[in-house]
Novice: 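Can you keep this structure in mind? I'll have questions shortly.
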Amino acid sequence: MQETPLCHRVGHLLPYSMSDSNTTHFTNPSTFILLGIPGLEAAHVWISIPFCAMYTTAVLGNFTILFIVKTEQSLHGPMYYFLCMLAVTDLVMSASTLPKMLSIFWFNSREINFSACLTQMYFIHCFSEMESGILVAMAYDRYVAICHPLRYSTTLTNSVVAKIGLAVVLRNGILALPYPFLVRRWPYCSTNIIPHSYCVHIAVVKLACADIHMSSYYGLFDLFSVIGMDVFFIAVSYTQILRAIFRLPTKDARLKTFGTCISHLCAILALYIPDFFSSLTHRFVHNVPLHSLILITSVYLLVPPMLYPIIYGLRTKQIRGRLLQLFTRRET
């Protein structure tokens with residue numbers, strides 16, 4: 001019997017029911033069993049090596065970004081405040097999934113408490129979508145800086161930046177709440193085994209002995225209201241930015257101005273390309289092995305937090321210069 005493809009978050013839910021008159025129902029299991037990557041159990045230790053390397057890079061890189069922005073007075077501005085928000089989001093995102101995954105790979109620690117599973121699910125949804133919201137804020141920052149440079153300091157004040165950050169947190173914090181609440185209300189079948197390396201929503205709901213259309217519809221609503229709208233606003237911002245750049249009189253001016261957007265564009269691509277690739281794979285490629293789907297979703301959660309510090313460290317002159325100063329001082 002072919003497994004139903006697993007999807008990892010926002011709106012990839014497929015409606016189905018697992019009701020069966022011969023199954024044993026129980027409201028809330030005390031624990032779930034995470035299988036890790038089914039079919040690749042023998043390779044768990046080897047798989048853990050790149051996963052651990054990416055996690056270490058993400059933690060060190062994002063803490064470095066936070067340290068540099070905090071200690072460098074010249075970086076106390078809207079763009080870098082948004083970058084710090086992104087770094088904190090990525091740290092929480094990584095910490096909510098990787099430690100448990102590594103404990104499965106290294107120590108075969110597969111059990112996870114029901115409440116802990118719901119908490120992990122909430123954090124995955126909340127903070128992964130929060131990344132998208134912060135990228136929208138950063139796109140707006142670039143729009144104001146390039147299209148209305150004389151109004152930049154009066155438009156993006158510290159108060160406005162704080163309100164934007166609060167709005168992003170509230171939006172995603174509230175929209176992610178229904179996921180664990182819906183999971184908690186379903187009755188479950190006789191198994192509590194999750195064929196995944198973390199508590200992804202669709203993998204948990206798949207165990208329910210109930211009509212889960214409500215979860216499916218809410219997932220689609222969340223997808224279009226969050227990711228869809230975020231992509232739309234980013235596209236509008238960069239359309240206006242490109243128009244402003246092409247109106248500049250010289251080629252050097254155009255290249256210099258566009259250069260200020262390169263790091264942000266790379267960050268956008270690092271988030272949305274794996275997202276859309278994963279989504280298309282789940283929806284249209286039905287003969288992909290289960291372990292491949294789980295690897296795709298796991299890597300998708302790891303790659304952006306690892307890449308963002310590298311992108312901004314290499315592409316942002318002020319951060320790169322501060323890093324060189326730190327290393328130079330250590331050598332002397």
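This chain uses plain numbering: 1 for the first residue, then up along the sequence.
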Novice: Taking the side chain as every heavy atom from C-beta outward, state whether I68 and Y80 have any pair of such atoms under 4.5 Å apart.
Specialist: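 Sidechains of Y80 and I68: no contact.
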Novice: State, with a plain yes or no, whether a side-chain heavy atom of R184 is found less than 4.5 Å away from one of F114.
Specialist: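 The answer is yes, as the side chains (C-beta and beyond) meet within the 4.5 Å cut-off.
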Novice: Which atom pair, heavy atoms only, marks the closest approach of S94 to P99?
Specialist: O-CD, 3.6 Å
Novice: In sequence, state the C-alpha distance, the side-chain angles, and the governing distance for L271 and Y308, and then conclude on side-chain contact (heavy atoms from CB on, under 4.5 Å).
Specialist: CA-CA 9 Å; L271 178 66; Y308 292 154; 3.2 Å; yes
Novice: Taking the side chain as C-beta and beyond, is there a heavy-atom pair between L66 and L91 under 4.5 Å?
Specialist: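 A side-chain contact under 4.5 Å exists here.
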Novice: For A137, does its backbone N or O pair with a side-chain atom of D141 as donor and acceptor, under 3.5 Å?
Specialist: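 Here the side-chain-to-backbone pair does not exist.
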Novice: Test side-chain contact (heavy atoms from CB on, under 4.5 Å) on F67 and T71 and set out the steps.
Specialist: CA-CA 6 Å; F67 174 77; T71 57; 3.6 Å; yes
Novice: Got a sec, which residues hit side chain to side chain donor-acceptor pair (under 3.5 Å) with Y238, two or more places apart in sequence or on another chain?
Specialist: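 Y238 satisfies side chain to side chain donor-acceptor pair (under 3.5 Å) with H264 only.
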Novice: Do the ring planes of F105 and H44 sit parallel (below 30°), tilted (30 to 60°) or perpendicular (above 60°)?
Specialist: tilted
Novice: Just how far is it from atom OH of Y140 to atom OG of S237, taken to the nearest 0.5 Å?
Specialist: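 If I round to the nearest 0.5 Å, the distance is 9.0 Å.
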Novice: If you take all heavy atoms of I241 and A139, which pair is closest and at what distance?
Specialist: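 Closest approach of I241 to A139: CD1-O, 4.2 Å.
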Novice: Can you tell me how far the OG atom of S48 sits from the CZ atom of F107, to the nearest 0.5 Å?
Specialist: 9.5 Å
Novice: Could you give me the CA-CA distance, side-chain angles and deciding distance for N108 and E41, then say whether side-chain contact (heavy atoms from CB on, under 4.5 Å) is met?
Specialist: CA-CA 10 Å; N108 202 32; E41 289 86 356; over 6 Å; no
Novice: Count I, L, V, M, F, W, Y as connected when their side-chain heavy atoms are under 4.5 Å apart, and connections chain through other members. Are L307 and L60 then in the same cluster?
Specialist: no
Novice: Could you grab the distance from atom SG of C52 to atom CE of M101, nearest 0.5 Å is fine?
Specialist: 11.5 Å
Novice: Determine the interplanar angle of the Y198 and H196 rings, folded into 0 to 90°, and report it as parallel if under 30°, tilted if 30 to 60°, perpendicular if over 60°.
Specialist: perpendicular
Novice: Following the transitive rule for hydrophobic clusters with a side-chain heavy-atom cut-off under 4.5 Å over Ile, Leu, Val, Met, Phe, Trp and Tyr, establish whether W106 and I33 coincide in one cluster.
Specialist: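 No, separate clusters.
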Novice: What's the shortest heavy-atom distance between S197 and L34, and which atoms?
Specialist: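 The pair with the smallest heavy-atom distance is O-CD1, 4.0 Å.
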Novice: Give the ring-plane orientation class for H125 versus Y179, where under 30° counts as parallel, over 60° as perpendicular and anything between as tilted.
Specialist: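 Plane angle under 30°, so parallel.
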Novice: Would you check if the side chain of R110 reaches a backbone N or O of L35 as a donor-acceptor pair within less than 3.5 Å?
Specialist: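 Such a contact is found between R110 side chain and L35 backbone.
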Novice: Measuring only between side-chain heavy atoms, which start at C-beta, is C209 closer than 4.5 Å to Y188?
Specialist: no
Novice: Does one hydrophobic cluster hold both I311 and V88, with members joined at side-chain heavy-atom distances below 4.5 Å?
Specialist: yes
Novice: Within the side chain of N113, is there an N or O that forms a donor-acceptor pair under 3.5 Å with the backbone of T31?
Specialist: no
Novice: Just checking F258: does its CZ atom have more than 12 heavy atoms from other residues, nucleotides or ligands closer to it than 6.0 angstrom?
Specialist: no
Novice: Check whether I174 and V136 end up in the same hydrophobic cluster, where Ile, Leu, Val, Met, Phe, Trp and Tyr are linked by side-chain heavy atoms less than 4.5 Å apart.
Specialist: no
Novice: Rounded to the nearest 0.5 Å, how far apart are CG of L301 and OG1 of T97?
Specialist: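 Here the interatomic distance stands at 5.5 Å.
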Novice: Name each donor-acceptor pair under 3.5 Å that joins a side chain in residues 153-167 to protein atoms two or more places apart or in another chain, with its distance.
Specialist:
unit_1, atom_1, unit_2, atom_2, d
T154, OG1, R151, O, 3.1
T155, OG1, R151, O, 2.6
T157, OG1, V160, N, 3.3

Novice: Are any of the side-chain heavy atoms of H76 and Y81 separated by less than 4.5 Å?
Specialist: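 They are in contact (side-chain heavy atoms under 4.5 Å apart), so the answer is yes.
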Novice: Does some side-chain heavy atom of I319 sit less than 4.5 Å from a side-chain heavy atom of T64?
Specialist: no
Novice: So, do P78 and Y152 sit near enough that their side-chain heavy atoms are less than 4.5 Å apart?
Specialist: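 Yes, their side chains come closer than 4.5 Å.
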Novice: Counting only heavy atoms not in F123, do more than 12 sit closer than 6.0 Å to its CZ atom?
Specialist: no
Novice: Applying side-chain contact (heavy atoms from CB on, under 4.5 Å) to H148 and Y143, what does each step give before you reach the verdict?
Specialist: CA-CA 7 Å; H148 305 286; Y143 163 74; 3.2 Å; yes
Novice: Among L83, L86, D230, N172, which one satisfies side-chain contact (heavy atoms from CB on, under 4.5 Å) with I134?
Specialist: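 Testing each of L83, L86, D230, N172 against I134, the sole residue satisfying side-chain contact (heavy atoms from CB on, under 4.5 Å) is L86.
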Novice: Got a donor-acceptor contact below 3.5 angstrom from the K100 side chain to the S109 backbone?
Specialist: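 The answer is yes, because a donor-acceptor pair under 3.5 Å joins these two groups.
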Novice: How many angstroms lie between CD in Q240 and CZ in R142, if you round to the nearest 0.5 Å?
Specialist: 16.0 Å
Novice: Are the side chains of I124 and V200 in touch, meaning some heavy atoms are under 4.5 Å apart?
Specialist: no
Novice: Mind listing the closest non-hydrogen atom pair of A253 and L248 along with its distance?
Specialist: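 So the two residues come closest at O-CD1, 3.6 Å.
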Novice: List the atom of P195, the atom of I294, and the distance in Å for their closest heavy-atom pair.
Specialist: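 Closest approach of P195 to I294: O-CD1, 3.1 Å.
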Novice: Which heavy atom of A244 sits nearest to which heavy atom of C147, and what is that distance?
Specialist: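 Heavy-atom minimum between the residues: CB-SG, 3.8 Å.
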Novice: Would you say W46 ends up clustered with L102 if hydrophobic residues are merged whenever their side chains have heavy atoms under 4.5 Å apart, either directly or through other cluster members?
Specialist: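 No.
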Novice: To the nearest 0.5 Å, what is the distance between CG (D222) and NE2 (H201)?
Specialist: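 Result: 10.0 Å between the selected atoms.
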